[in-house]
Amino acid sequence: MSNASAKKKRKLEETVDTPPTRVDDKTLVLISDSKKPKSDRVTKLKSKFGLLKKKPSDFDPEKVSCWEKRERVPFMFLSLAFDLIAAESGRIVITHILCNMLRTVIATTPDDLLPTVYLAANEIAPAHEGIKLGMGKGSYIIKAISEAFGRTESHVEQQYTQLGDLGLVANGSRSSQTMIFMPKPLTVVKVADTLRLIAKESGKGSKDKKKDLMKALLVATTDCEPLYLTRLLQDNLRLGFSRQTVLAALGQAAVYNEEHSKPPPNIKNPLDEAATIVKEVFSMLPVYDIIVGALLTSGVWNLPKTCNLTLGVPVRPMLAKATTRVDLILEKFKDTVFTAEYKYDGERAQIYYMEDGTVEIFSRHAERNTGKYPDVALVLSRLKKPTVKSFILDCEVVTFNREKEKILPLQKLHDSFEEDLGYFQFATALTSNDIGELQEFLKASIDIGCEGLMIKSLYSNATYEPAKY
DNA sequence: GGTGTCTGCCC
DNA sequence: ATTCTGC
DNA sequence: GCAGAATGGGCAGACACC
């Protein structure tokens with residue numbers, strides 16, 4: 001994170017406004033409103049939000065919020081929190097800010113916790129639902145910005161090249177413009193909902209509709225909102241934190257707002273523990289909707305009871321670590337039995353077979369690939385032994401020339417499936433700690449077009465650990 | 001309807 | 001996927 | 001060692017545009 005210094009610099013640039021450029025004749029030219037009084041609300045919020053930076057133990061949500069209980073959380077509040085984070089580079093402080101921000105939302109308008117979490121993580125829907133904004137980071141957003149703020153596209157583009165951040169361009173464009181009437185303040189839900197609307201738009205003319213929805217949001221922004229809205233639209237918050245940090249902050253926030261249960265007595269550090277729980281739970285069931293819901297109704301400490309591996313919702317697949325030397329493997333696994341499998345050169349596939357016979361296939365990043373491999377789905381239903389009612393497979397899909405190539409043996413430990421050469425096979429594996437054998441095995445894997453070996457411990461620590469991302 | 005660009009996803 | 005950075 | 005950010009090659013599907 002080359003952030004600390006770069007960020008500070010950006011902050012400076014940010015205050016250098018773009019000169020009020022002449023605009024194409026169809027657009028109203030507006031006068032700077034920087035002298036005009038801001039709404040009371042905003043001033044009040046701005047005078048208080050620095051409190052978010054306090055250590056969570058010294059923080060009081062009641063002192064920051066300046067909206068009524070159950071009232072929709074202003075997008076300004078989130079933006080100000082982002083602004084505070086922008087000046088920080090250490091993740092501990094960033095987590096505190098996020099934690100306090102989330103606590104404030106829980107304390108005032110718990111219904112808004114879910115959209116707030118989504119925006120903070122810069123996501124719009126569970127990964128496996130495949131709901132994407134679908135307009136990249138450039139051209140269409142540039143269009144929206146130029147239309148919303150009355151600039152020419154080429155002007156925006158030029159500023160973009162100069163500043164290297166469309167968010168700053170948006171901020172600059174906005175601040176030298178004034179509104180005929182104050183727009184209705186944006187709320188967190190409004191932004192989150194609109195992002196979904198943008199994502200849902202598809203087909204002919206959809207790009208324009210997406211652009212218009214963005215424009216409508218941009219037009220309603222003030223202060224630092226254009227910056228963060230733009231970055232949210234670009235799917236690139238650039239604040240030095242990401243999902244893991246949000247999850248940790250969510251867990252910590254829940255500890256402070258815990259009404260449901262006290263931390264179990266044997267827990268040393270409830271904050272760390274809660275953060276870990278939320279992160280782990282998310283890796284098993286990556287759906288904020290369920291986790292946030294469970295968190296609010298029954299608390300963090302009960303999360304693991306309600307949020308579990310769910311058929312049809314892809315877990316984050318366990319990842320491998322790369323190494324280039326076989327001897328290092330022996331060193332690492334010296335006290336345990338391990339196996340080496342060919343590392344097939346294909347695509348990761350996580351396959352769910354539900355009790356009703358339906359099949360879902362997901363990619364490494366939880367994209368729904370069910371329709372991509374119809375043959376795989378069919379073949380598994382066929383080769384599954386009748387006693388097996390449901391299953392989850394984590395495997396590699398490869399293309400296979402059935403005429404020329406043939407892949408060999410099968411191991412015995414799997415007795416839930418029949419193998420079928422060229423359709424469904426278990427990885428070629430060797431269980432050995434003989435360096436010579438391993439070297440040879442590695443070479444053999446490369447010879448048939450694999451990428452190397454996968455090493456897996458078989459006894460100690462031999463669990464499936466979802467990836468932490 | 002064909003072509004070209006954009007976008008996102010795989011590794 | 002890899003590579004780099006800060007913590 | 002971990003989390004986050006930035007980067008690259010290849011490719012396919014979606015959409016815009018002529």
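In the text below, chain A, chain B and the rest are named by the order of the sequence lines, each starting its count at 1.
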Exercise. Atom CD of E88(A) and atom P of dG4(D): how far apart are they, to the nearest Å?
Worked result: 16 Å
For this session: Round to the nearest Å and state the distance from L239(A) atom CG to dA5(D) atom P.
Result: 8 Å
Exercise. What pairs with S79(A) under side-chain contact (heavy atoms from CB on, under 4.5 Å), at least two apart in sequence or on another chain?
Worked result: F75(A), C224(A), E225(A), Y228(A)
For this session: Please report, rounded to the nearest Å, how far the P atom of dG6(C) is from the CD1 atom of I92(A).
Result: 17 Å
Exercise. Nearest-Å distance, NZ (K143(A)) to C1' (dC15(D))?
Worked result: 12 Å
For this session: Send over the distance from F241(A) CZ to dC7(C) P, rounded to a whole Å.
Result: 17 Å
Write out a two-atom table: protein N or O, nucleotide N or O from nucleotides 7-13 of chain D, distance below 3.5 Å.
none

Exercise. Just one of I435(A), L442(A), T323(A), N433(A) clears the side chain to side chain contact (heavy atoms under 4.5 Å, CB included) bar with I329(A), so which one?
Worked result: T323(A)
Problem set entry | For Y118(A), all residues meeting ring-ring contact (aromatic ring centres under 6.0 Å, His included), sequence neighbours excluded | Y288(A)
Exercise. R91(A) CZ to dG6(C) P: how many Å, rounded?
Worked result: 13 Å
Problem set entry | Summary of protein contacts for nucleotides 5-11 of chain B, nucleotide by nucleotide, where a base hit scores B, a sugar-phosphate-only hit scores S (4.0 Å, heavy atoms) | --SSSSS
Exercise. Who are the side-chain contact (heavy atoms from CB on, under 4.5 Å) partners of A148(A), not counting sequence neighbours?
Worked result: K215(A), L218(A), V219(A)
For this session: Name all residues meeting the salt bridge (Lys or Arg N to Asp or Glu O under 4.0 Å) criterion together with R348(A); count only those two or more places apart in sequence or in a different chain, and write none if there are none.
Result: D394(A)
For this session: Could you tell me the separation between the CG atom of L98(A) and the P atom of dA3(D), rounded to a whole number of Å?
Result: 16 Å
Problem set entry | Options dC7(C), dC2(D), dA5(D), nucleotide nearest the side-chain atoms of S89(A) | dC7(C)
Problem set entry | Any residue meeting ring-ring contact (aromatic ring centres under 6.0 Å, His included) with Y353(A), in chain and number order, not counting sequence neighbours | F391(A)
Problem set entry | Side-chain H-bond candidate by donor/acceptor type, N100(A) with R103(A), under 3.5 Å | yes
For this session: List for me each residue that meets ring-ring contact (aromatic ring centres under 6.0 Å, His included) alongside F338(A), sequence neighbours excluded, and say none if there are none.
Result: F333(A)
For this session: Return the value, rounded to whole Å, for the distance between atom NZ of K209(A) and atom C1' of dA14(D).
Result: 15 Å
Exercise. Is S206(A) near enough to dA14(D) that one of its side-chain N or O atoms lies under 4.0 angstrom from OP1 or OP2?
Worked result: no
For this session: Return the set of residues passing side-chain contact (heavy atoms from CB on, under 4.5 Å) with T161(A) (not counting sequence neighbours), or none when no residue passes.
Result: none
